[in-house]
Structure formats: C-alpha cells, structure tokens
Visitor: 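Sharing a structure below in structure tokens format, with a few things to ask.
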Amino acid sequence: MTERKVSVERNTLETQVKVTINLDGTGEGRFDIGVPFMEHMLDQIARHGLIDLDIHCNGDLHIDDHHTVEDVGITLGQAFAKAIGDKKGITRYGHSYVPMDESLSRVALDFSGRPGLYMNVPYTRALVGGFDVDLFQEFFQGFVNHAQVTLHIDNLRGANTHHQIETVFKAFGRALRMAIELDPRMEGRMPSTKGSL
C-alpha cells in the first residue's frame, strides 16, 4: 500500500500554516495554532478519524481568530486532497451520527470532486469562551473548497453550544475515517461510474 502521508505549507501575509497528515495513522494529534478551542476540535478529527495530524499556524491573532481558523481549514483540505491522490480504492462516502449528552449531530460527506458545504447548526450561544462559533463555517468552507468534498453537517438537537460543536467534529472525524478507508473489494478501482472523481 502506498503511504498516504503528506506535508503541506501555506504562507500568506496573514498566516503561515503547516499541516502534516497520515491518513492511515492511529489518531495522534499535535496542534499549535494559538486558538485552544479550535485545537480541541482538531484533536477530535484526529482521534475519531484515526488520522495522525500535526498542525502549526502562526497567524495574526492580534486581529482575531478568523484568518487562522479559515487558513487551517484550507491547508487541511489541501493536505487531504494530496494524501488521497487519485481516489482509487477509497470508500468515497462517509457518514456518522454522534451524541453527547443532550446534543446529537449528523455528518455525511462525499469525496466527489465537487466542493459543497451544507451546514445547519443552530448554535445556542455565539461564543464558547472567547471563541466565535461562526468561524466553524469558515473552517469547513475552506476544507471543502480544497479537499473537493461535498459535506453535509446537521446538529439535530442540542442545548449546550460546546456539546453541539464537539458532536459535529467527532462525527466529521468518523465520517472522514469511513470515506478514506481503502476498500479491498475495490482493488484500486475508481469509486465512480464516470471513471474519475
């Protein structure tokens, strides 16, 4: 099996991001982006996706968290696209429901080659600590645009905003894990009737 491990760097005047990813890892995560709550959510992707993630970002946090969160999403999407390569043999689709106390979220995704984000999370608060929850839309939009993924995210119920967000990220990690899994019955074939994705 070809190793599905890559490093991607993205440097702008606003952020300098480096992402190292191993799609066939054990869920190890190392994060240094200067936004603790976002780091906690990235760790959910690693642990529940069984994906090794090492993400570093030096961003303009003196302005706000926006550029850092968005650009981490962009660079993570680029890393996924590069690590997956031609997509031959992958399961392609992934989905997961994850509960956490009163909160329940559903994520479904498709490595379709067609970026699309359909996100419905009725947050009960605008902030978790000092973190603006609207930035999660920017993170996922950056990811889908560059990983070329169709992504549906729905928080079906929840009263605690932290729980709402955490169930989304846990479900996202588990849906990713399913979609990127190599299916031995595919024998390296393209998971599409079109012959390409």
Visitor: Is there a donor-acceptor pair closer than 3.5 Å between any side-chain N or O of Arg4 and the backbone N or O of Ile84?
Guide: no

Visitor: Per the side-chain hydrogen bond (donor to acceptor under 3.5 Å, both in side chains) rule, which among Arg92, Gln148, His95 passes with Asp110?
Guide: Arg92

Visitor: For residues Pro99 and Thr167, report the shortest heavy-atom separation together with the two atoms involved.
Guide: C-CG2, 3.8 Å

Visitor: Ring centroids only, cut at 6.0 angstrom: are Tyr93 and Phe111 within range, meaning strictly under it?
Guide: no

Visitor: When the ring centroid of Phe139 is compared with that of Phe169, is the distance short of 6.0 Å?
Guide: yes

Visitor: Please confirm whether Phe131 and Phe136 have ring centers closer than 6.0 angstrom.
Guide: yes

Visitor: Take Asn155 and Gln164, measure what side chain to side chain donor-acceptor pair (under 3.5 Å) needs, and give me the verdict at the end.
Guide: CA-CA 7 Å; Asn155 175 244; Gln164 290 177 289; 2.9 Å; yes

Visitor: Would you check if Val133 and Val128 make a side-chain contact, meaning some heavy-atom pair closer than 4.5 Å?
Guide: yes

Visitor: Hydrophobic clusters here meaning ILVMFWY residues chained together by side-chain heavy-atom distances under 4.5 Å, can you tell me if Leu61 and Leu42 are in one?
Guide: yes

Visitor: Verify side chain to side chain donor-acceptor pair (under 3.5 Å) between Asp54 and His56, making sure each step is shown before the conclusion.
Guide: CA-CA 7 Å; Asp54 190 344; His56 295 266; 2.8 Å; yes

Visitor: Salt bridge (charged side-chain N to carboxylate O under 4.0 Å, His left out) with Arg106: which residues, sequence neighbours excluded?
Guide: Asp154

Visitor: Decide whether Met38 and Ile21 are clustered together by the hydrophobic rule: side chain heavy atoms of Ile, Leu, Val, Met, Phe, Trp, Tyr closer than 4.5 Å, transitively.
Guide: yes

Visitor: Aromatic contact between His162 and Phe37, with the criterion being ring centroids under 6.0 Å apart: yes or no?
Guide: yes

